[in-house]
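Below is one structure, written out as structure tokens; the observations come after it.
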Amino acid sequence: MTDNNKGELITLAADGSLQVPDRPVIPFIEGDGIGRDIWPATRVVVDAAVKVAYDGNRSIAWKELLVGEKGHAATGEWLSDKVLEDIQRHVVAIKGPLTTPVGRGMRSLNVSIRQKLDLYACVRPVRYIERVPSPLRHPEKIDMVVFRENTEDLYAGIEWEAGSEQAREVIDLLREKMGFNLPADSGIGIKPISKTNSQRLVARAITYALENNLPSVTLMHKGNIMKFTEGAFRNWGYQVARERFGGHTITEDDLYSKYDGRCPEGKVVIKDRIADMLFQQVLLRPEEFSVIATPNLNGDYISDALAAQVGGLGMAPGANIGDKCAVFEATHGTAPKYAGQDKVNPGSLILSAAMMLDYLGWKQAADVIRKALQAAIRDAVVTYDLARQIDGARKVSCSRFAREIVERMG
């Protein structure tokens, strides 16, 4: 099946696996603010890596989708139904950062894309890149993948402003029917966490651990306080591990009571940590954690905190994955004051593109990107954000950093 960009569509097989042609059509969303800088740099790197890895026998036919400020200027819509249909039809897409006003105006476009396409797993690998400045003594011990539930929790957007009629109605309901007395001037938010969405997220995290020979999956929660939402997430996580992966998983309790702390070959250990405790332990004992599965809000916090430990969001990749399509994205904001200056670090989007290539099964090209990017940073040829922290660094522009990566592609 062909597209108007002289490529072929990626398709999904009956078992959910991707059927990827040698020239797939992949939509991209440039993004707002610095998207105009980091997307062209990323495209240069991806096209070069695919060419190097496959001797010119594979390539990508890029197709632009207008979202955010570009979309609003062209069509009057920030995020159109046609764009969402295009992403789903093409199965895989990549995007730069999109703007969202804080505390007013339109809802987050990033959240809308995730929820409307049911991209329920936000996947954030966090791994140290040699020579990137870090506040830790041993950042090389950080090597984790966060699976953050993407569609519910407080991000469901069910909330009412203090003083509104809806907030008063909810406050009255809580007082009259359930015995909870809240201040009359409270803003109200609802935190839904469901068994279905929790279990499919944890199942994807366990599958990832098994496919990549990783030792453990940790369920992150605040179930000691929110027993019927986050506590339920924990319980449902253990349940799906037991019922769907029983032959391949063991609990942390069984690891020590039955196996004297030595994990049997081929097994993944399922454990859980209260959220505040986990924030400490990923600092103090990071080597004990490989995959973290978490509800939405906790996942937002822990993935950014981990990124800070290995150099910040400028080098943190991410993806939003569902059963029918996936969108790979820069994990930082739009930084409008730097837009158009060819200055910022494109590393987050470049590494997200490498994740996308992994997802396509083009792992050789993904490895080319990661090794070349590592080589550029090891040589201290970096953008301003890293150059100011690395002694003897050569500061280069965003576009030049992309070319430096390409020059190191074997």
Quiz item: Which class fits the ring pair Phe28 and Trp62: parallel under 30°, tilted 30 to 60°, perpendicular over 60°?
Solution: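 Perpendicular, since the angle between the ring planes exceeds 60°.
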If you count every heavy atom of other residues, nucleotides or ligands that lies below 6.0 Å from [X] atom [atom1], does the total exceed 12?
X      : atom1 : answer
Arg244 : CZ    : no
Lys395 : NZ    : no
Glu161 : CD    : no
Lys371 : NZ    : no
Arg127 : CZ    : no
Glu165 : CD    : no
Tyr54  : OH    : yes
Asp15  : CG    : yes

For residues [X] and [Y], report the shortest heavy-atom separation together with the two atoms involved.
X      : Y      : result
Ile193 : Pro295 : CD1-CB, 4.0 Å
Ile171 : Pro183 : CD1-O, 3.7 Å
Asp37  : Pro40  : O-CD, 3.4 Å
Pro346 : Thr383 : CD-CG2, 4.2 Å

Quiz item: Pick from Tyr208, Phe233, Tyr120: which one makes a ring pair (Phe, Tyr, Trp, His ring centres under 6.0 Å) with Phe147?
Solution: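 Only one of Tyr208, Phe233, Tyr120 forms a ring pair (Phe, Tyr, Trp, His ring centres under 6.0 Å) with Phe147, namely Tyr208.
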Practice problem: Go through Ile129 and Val132 one step at a time and tell me if the side chain to side chain contact (heavy atoms under 4.5 Å, CB included) criterion holds. | Solution: CA-CA 6 Å; Ile129 296 174; Val132 171; 3.8 Å; yes
Does a donor on one side chain and an acceptor on the other come within less than 3.5 Å for [X] and [Y]?
X      : Y      : answer
Asn298 : Glu230 : yes
Glu288 : Gln281 : no
Thr294 : Glu149 : no
Tyr155 : Asn150 : no
Tyr238 : Asp272 : yes

Practice problem: Output, in order, the C-alpha distance, side-chain angles, deciding distance and verdict of ring pair (Phe, Tyr, Trp, His ring centres under 6.0 Å) for Tyr384 and Tyr338. | Solution: CA-CA 12 Å; Tyr384 83 99; Tyr338 296 120; 5.8 Å; yes
Quiz prompt | Derivation and outcome, side chain to side chain contact (heavy atoms under 4.5 Å, CB included), residues Arg408 and Val381 | solution = CA-CA 11 Å; Arg408 288 162 174 77; Val381 182; 3.8 Å; yes
Practice problem: Please list, chain by chain and in numerical order, all residues satisfying salt bridge (charged side-chain N to carboxylate O under 4.0 Å, His left out) with Glu140, sequence neighbours excluded. | Solution: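 Partners of Glu140 under the salt bridge (charged side-chain N to carboxylate O under 4.0 Å, His left out) test: none.
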